[in-house]
Amino acid sequence: MSLVRGTALSNYPDLVTELGADPAPLLREAGIRAQDIGLYHVFVPLRGVITAVESAAEATGTADFGRRLAQRQGIEILGPVGAAARTAPTVADALGIFANFMAAYSPALSAHVAPLSERPDRSFFEFRILLEQLPPHAQSIELSLGVTLKVLSLLLGAQYCPISTHLTHEPVTPADEYREYFGCRAFFAEPRAGFTIRTADLSRSLCNDELAHRAIVEYLTSLIGQRGPEMSQSVRTIARQLLPTGAASREVIAAQFSMHPKMLQRRLAEEGTTFFALIDGIRRETAEHYLRDTDVDLSHLTRELGYTEQSVLTRSCKRWFGTGPAAYRHAARVELLASDRG
């Protein structure tokens, strides 16, 4: 299961509503919770995002839905990846951030730039969705390229236009609408999606903030699991976000670091822990917080911990606390009242 940050669908509900459709059933059919939309700290299924975008275009009868949604998004959806790019020394460094750290946003998305062998004065910025057996997803490609264009305009100036735009599908609207939107000629049914840009533009300087840039890159490096002593902490960070989705498996979390699950297990062993111990510890901490400090019902807590049945929550609480969740909550409240009176 490949995931992406909840910001991938930022402003999706508003746009769908404005176009005359109800976003709720579209999101439900795509397996995405409405409350996760626009949240960077939450992961959602990437296939679900693609489904939601494609079905919205059909439900609203809007052939350029992906491009319209891109107009409502920008570099901010990438969170710290975008912040690292904005504080980089040059455009090339900024695009290098996307190549090196896109996994922090989604391990199933790839973006990189390289000179064209036949024209060194030109380079190609390629965007790829690294998922197999995808259904037609023209809207999702156009959404991604639309956001990419906004990022390039942010880095290179509001009036910036690429040399050409390349799409892997046939046009879904008249070709001249693509020229107007992207500011350049569009080529269709191409082997890869992206933009041809001037190589000289890559050397342009940005408003570099060296201190902030270094701090963000160090954070991203630890997050995606490059060399460093804090793999267990990075796993905890992502696992907390994934538990409510039911996708906090070793395989899914290893994919967030672009590594094999066995390699993840070895890295955790080097830090004196295991994947099961980390997940179990997070669940215990979360359960203790909700039972002691909130009135959240047990069915909601069950989902928050990534369990499919409340009976599993009960067994876990007995293992952690020596009693079931309701009894533990009652005892905690009695203890709190006693301490307040004392």
* Asked: Would you say F187 and V113 are hydrophobically clustered, going by side-chain heavy atoms of ILVMFWY under 4.5 Å?
  ->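 Per the 4.5 Å side-chain linkage, F187 and V113 are not co-clustered.
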* Asked: L19 and L9: same hydrophobic cluster, using ILVMFWY side-chain contacts below 4.5 Å?
  ->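 Cluster IDs for L19 and L9 match.
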* Asked: Where do R266 and E270 land on the salt bridge (Lys or Arg N to Asp or Glu O under 4.0 Å) test, with the steps shown first?
  -> CA-CA 6 Å; R266 286 196 292 270; E270 292 171 1; over 6 Å; no
If you count every heavy atom of other residues, nucleotides or ligands that lies below 6.0 Å from [X] atom [atom1], does the total exceed 12?
| X | atom1 | value |
| --- | --- | --- |
| R185 | CZ | no |
| R86 | CZ | no |
| R33 | CZ | yes |
| Q35 | CD | yes |
| H300 | NE2 | yes |

Looking at every heavy atom in both [X] and [Y], which two are closest together, and how far apart are they?
| X | Y | value |
| --- | --- | --- |
| I37 | P13 | CG2-CD, 3.7 Å |
| R329 | L298 | NH1-CD2, 4.5 Å |
| T60 | T62 | OG1-OG1, 2.9 Å |
| A56 | V16 | CB-CG2, 3.9 Å |

* Evaluate the ring planes of H166 and F124, with Trp represented by its six-membered ring, and classify them as parallel (under 30°), tilted (30 to 60°) or perpendicular (over 60°). =>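 Geometry flag for F124 against H166: perpendicular rings.
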* To do: Return the orientation label for the F98 and F125 ring planes: parallel under 30°, perpendicular over 60°, tilted otherwise.
  =>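 Aromatic pair F98/F125 classed perpendicular.
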* To do: Would you list the pairs meeting side-chain hydrogen bond (donor to acceptor under 3.5 Å, both in side chains) in which at least one residue belongs to residues 140-151, sequence neighbours left out?
  =>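 Only E54-S140, R67-E142, E142-H169, E142-Y178 qualify under side-chain hydrogen bond (donor to acceptor under 3.5 Å, both in side chains).
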* pair I97-V217: side-chain heavy atoms closer than 4.5 Å ->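 Of all side-chain heavy-atom pairs linking V217 with I97, at least one is under 4.5 Å.
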* Does a side-chain heavy-atom distance below 4.5 Å link L264 with R250? ->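 Contact flag for L264/R250 side chains = yes.
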* Asked: Strictly by modelled atom types, are T90 and S203 linked by a side-chain donor-acceptor pair under 3.5 Å?
  ->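 T90 vs S203: no donor-acceptor pair found between side chains.
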* Hey, does the Lys NZ or Arg CZ of R5 hover above the aromatic six-ring of Y40, less than 6.0 Å from the centre and inside 45° of the axis? ->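 Because its charged atom sits under 6.0 Å from the ring centre and within 45° of the axis, R5 does stack over Y40.
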* **Separation between OG of S299 and OH of Y307, rounded to the nearest 0.5 Å** =>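 Answer for the OG-OH pair, S299 versus Y307, is 15.5 Å.
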* Asked: With distance as the sole test, does R292 use its side chain to make a donor-acceptor pair with the main-chain N or O of A332 at under 3.5 Å?
  ->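 Such a contact is absent between R292 side chain and A332 backbone.
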* Report the residue from L202, L206, D201 that forms a side chain to side chain contact (heavy atoms under 4.5 Å, CB included) with R204. =>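 Per the side chain to side chain contact (heavy atoms under 4.5 Å, CB included) rule, the option paired with R204 is D201, out of L202, L206, D201.
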